Amino acid sequence: MNKIYYLKTCNTCMRIIKELNLPSNVILQDIKETPITFAQLEDMHKLSHSYESLFSKRAKLYKEMDLKNQSLEELDYKNYILEHYTFLSRPVLIYNNEIFIGNSKKNVAAAKAALHE
């Protein structure tokens with residue numbers, strides 16, 4: 001399934017979605033309105049092989065909960081992502097069984113290339 005997980009209140013996500021010029025077969029899921037499910041997170045993990053790579057260390061809650069000073073393991077990352085949408089590194093695009101996580105220029109360029117090759 002081709003899908004992008006994003007926040008419509010995030011200017012960066014919205015800019016990237018415009019920049020990607022998504023094909024009509026990509027489903028958009030605002031993770032605040034429709035939280036990611038356990039199964040969706042498992043699908044992301046199968047492609048990324050790491051919950052940590054899906055986890056946002058820039059999240060406001062990450063700082064507020066002082067998680068950087070804790071020793072987190074894969075299960076912790078998974079549980080935090082399921083607990084609150086802000087912990088998912090955004091946007092996450094799944095396209096043709098490839099995953100693109102986050103908003104780095106390199107990642108956006110790779111996603112754009114995959115979408116329009």
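Given the structure is predicted, the values throughout are model-derived calculations rather than measurements.
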request  = For residues M1 and I27, report the shortest heavy-atom separation together with the two atoms involved.
outcome  = SD-CD1, 3.9 Å
query = Which pair of non-hydrogen atoms, one from K57 and one from K63, has the smallest distance, and what is that distance?
reply = O-NZ, 4.3 Å
ask   = Is E33 reaching over with its side chain to a backbone N or O of D30, donor-acceptor style, under 3.5 angstrom?
value = no
query = Between L41 and Y62, is there a shared hydrophobic cluster once you connect ILVMFWY residues whose side-chain heavy atoms come closer than 4.5 Å?
reply = yes
query = In terms of side-chain geometry, is the basic nitrogen of K46 or E42 positioned less than 4.0 Å from the acidic oxygen of its partner?
reply = no
query = Say you draw a straight line from OG of S71 to CG of N69; how long is it, rounded to the nearest 0.5 Å?
reply = 11.0 Å
Value rounded to 0.5 Å, distance of NE2 in H84 from CE in M65 = 9.5 Å
note = Heavy atoms of C13 and L7 approach each other most closely as CB-O, 3.6 Å
message = Tell me whether I101 shares a hydrophobic cluster with L82, the cluster being built from Ile, Leu, Val, Met, Phe, Trp, Tyr side chains joined at under 4.5 Å.
response = yes
query = So, do V92 and I99 sit near enough that their side-chain heavy atoms are less than 4.5 Å apart?
reply = yes
query = In terms of heavy-atom contacts, does CG of N25 have more than 12 from other residues, nucleotides or ligands at under 6.0 Å?
reply = yes
remark   = Closest non-hydrogen atoms of T86 and A59, given as atom of the first, atom of the second and distance, are O-CB, 3.5 Å
task = Say whether L28 and Y5 are linked into one hydrophobic cluster, either directly or through other cluster members, by side-chain heavy-atom distances under 4.5 angstrom.
result = no
query = Is the closest side-chain heavy-atom distance between N11 and M14 below 4.5 Å?
reply = no
request  = May I ask whether V108 and L93 are part of the same hydrophobic cluster, defined by side-chain heavy atoms of I, L, V, M, F, W, Y residues being less than 4.5 angstrom apart, directly or through others?
outcome  = yes
request  = State, yes or no, whether a side-chain contact exists between I36 and Y85 at a heavy-atom distance under 4.5 Å.
outcome  = no
N107 (side chain) donor-acceptor with S104 (main chain) under 3.5 angstrom = no
task = Verify the ring-centre separation between F55 and Y77: is it less than 6.0 angstrom?
result = yes
ask   = Should the heavy atoms of other residues, nucleotides or ligands under 6.0 Å from CD of E19 be counted, would the total exceed 12?
value = yes
ask   = Out of curiosity, M44 CE to H49 NE2, how far, rounded to the nearest 0.5 Å?
value = 14.5 Å
ask   = Any sub-3.5 Å donor-acceptor pair from H116's side-chain atoms to L22's backbone N or O?
value = no
task = Start with the C-alpha distance between E74 and S50, add both sets of side-chain angles, then the distance that settles side chain to side chain contact (heavy atoms under 4.5 Å, CB included), and finish with yes or no.
result = CA-CA 7 Å; E74 279 290 285; S50 163; 3.6 Å; yes
message = Any side-chain to backbone donor/acceptor pair from T34 onto I31? Under 3.5 Å, distance only.
response = no
query = Rounded to the nearest 0.5 Å, how far does CZ of F87 lie from CG of D76?
reply = 11.0 Å
Atom pair OH/NZ of Y6 and K8 - distance to nearest 0.5 Å = 6.5 Å
query = How far does CD of E73 sit from NZ of K78, to the nearest 0.5 angstrom?
reply = 13.5 Å
request  = Answer whether the closest heavy-atom distance between the side chains of L20 and I4 falls below 4.5 Å.
outcome  = yes
request  = Flag yes if more than 12 heavy atoms outside D66 fall under 6.0 Å of its CG atom; otherwise flag no.
outcome  = yes
message = How close do I81 and Y51 get, counting heavy atoms only, and between which atoms?
response = CD1-O, 3.8 Å
query = For the residue pair P35 and Q29, what are the closest heavy atoms and their distance?
reply = O-NE2, 3.6 Å
message = Is there a path of hydrophobic side-chain contacts, each under 4.5 Å between heavy atoms, that joins L72 and L88?
response = yes
